[in-house]
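In what follows, a structure is listed as C-alpha cells, so that the remarks can point back to it.
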Amino acid sequence: MNTRYRRAVLAGNWKMNLLCGDVKPYAQRLRELAERRARREVLVCVPFPLIPAAVRAFRGSHIAVGAQDVSEEPKGARTGEVSAAQLRDAGVKYVIVGHSERRQYHGETDSVVNRKLTAVHGEGMTPILCVGETLEQRELGIQGELVTMQVKAALSGLPEELLRRTIIAYEPIWAIGTGRTASPEQAQEMCALIRSVLRQLYGARAARAVPVLYGGSMNADNAEALLRQPDVDGGLVGGASLDPEKFSRIIAAADRLETPGTV
Ligand code: PGA
C-alpha cells in the first residue's frame with residue numbers, strides 16, 4: 001500500500017453465497033468491528049437480490065454496497081440482466097466487472113468487459129475491473145502479456161478523469177478459492193506491472209492515483225504481507241469476506257499499514 005498517493009480499498013465479494021436474512025446480522029457485526037478509519041474504503045459486493053437489504057443495513061455507515069456484475073446494455077430486451085441504472089437506483093456504489101468467473105463460465109470477452117466498465121461509469125459508480133492469468137498461462141510465463149492486454153482492452157476509450165474513478169484487481173485464477181495465495185512478491189510484481197501499463201496509457205500522476213488490489217485466497221493471516229507491498233493497495237476478498245470477523249481482521253491489517261497524513 002502507498003496511502004500517500006491513493007486510498008486503500010477492502011472489497012468483499014460474497015459471490016453466490018448467503019441469504020437475505022444473513023445480511024442484517026452480518027452488517028451489524030462488521031459495523032461494530034470495522035469502525036470508520038479516515039483513509040480506507042470498505043465495501044461488500046453482494047448478490048443482486050440481497051442489494052436492498054444490504055443498502056438498508058449499511059445505511060449511515062462508511063461501508064458501501066457493490067454488485068458483482070452488470071449488463072453492458074443500458075436497458076431493454078435482456079432477460080435476466082440488470083442494468084447499471086438499476087444498480088445505481090438501488091443504492092449500489094461499486095460494481096465488479098470482468099471477474100474471472102464471469103469470463104470463464106459466461107464467456108465474457110475483453111470487449112464485453114470494456115462495455116460493462118463504460119456502463120458503470122456512465123451511472124457514476126466505481127467499477128472494480130478484474131484481471132488475471134490462469135495457471136497454464138503462468139506456467140508458460142505469459143502472465144505479464146496477458147494481463148497487460150486485459151487492462152488495455154478493458155480501459156479502451158476511457159478518459160483520464162474516469163480512470164481516476166476506477167479500481168483494478170489483480171486476481172490470478174489459480175489463487176481464487178483454492179487456498180493457494182500468490183506470494184507477496186508475485187502480487188507486487190503483477191500489481192506494479194498493471195500500474196506501469198496505466199502510466200504508459202495515462203501518465204504517472206493518474207497511474208499512481210488508481211488503487212490496484214490483490215485477490216485470490218486473501219485471508220487474515222496472509223493479508224498483512226500482501227498489503228505491505230507498495231503497489232498492492234487493498235484486497236478483493238471472496239471466501240474470507242463471508243465472515244465479518246475474518247473480513248475485519250483483513251481490514252485491520254490495512255489499517256495498521258496506513259501512512260499517516262496522506263490522501
Ligand atoms: P477468494 O476469491 O478470496 O475466495 O479466493 C476472491 C475473488 O474471486 O474475488
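Counting convention: from 1, in listed order, for ligands and their atoms alike.
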**OP:** Mind jotting down which protein residues get a heavy-atom contact under 4.0 Å with ligand 1? Chain and number order, please.
**Re:** Asn13, Lys15, His99, Glu171, Ala175, Ile176, Gly177, Gly216, Ser217, Leu236, Val237, Gly238, Gly239
Original post:
Would you call Asp110 and Arg103 a salt bridge, using N to O less than 4.0 angstrom?
Top reply: yes
**OP:** Could you tell me which residues satisfy side chain to side chain contact (heavy atoms under 4.5 Å, CB included) with Thr134, sequence neighbours excluded, listed by chain and number?
**Re:** Glu136, Gln137, Ile173
**OP:** Apply side chain to side chain contact (heavy atoms under 4.5 Å, CB included) to Arg249 and list each qualifying residue two or more places apart in sequence or on a separate chain.
**Re:** Ala220, Asp221
Subject >> Working for side-chain contact (heavy atoms from CB on, under 4.5 Å), residues Phe58 and Leu43 >> reply: CA-CA 10 Å; Phe58 286 112; Leu43 62 130; over 6 Å; no
Subject >> Residue pair Glu189 / Tyr170, side-chain donor-acceptor N/O under 3.5 Å >> reply: no
**OP:** Could you pull out all residues at least two apart from Tyr26 that satisfy ring pair (Phe, Tyr, Trp, His ring centres under 6.0 Å)?
**Re:** Trp14
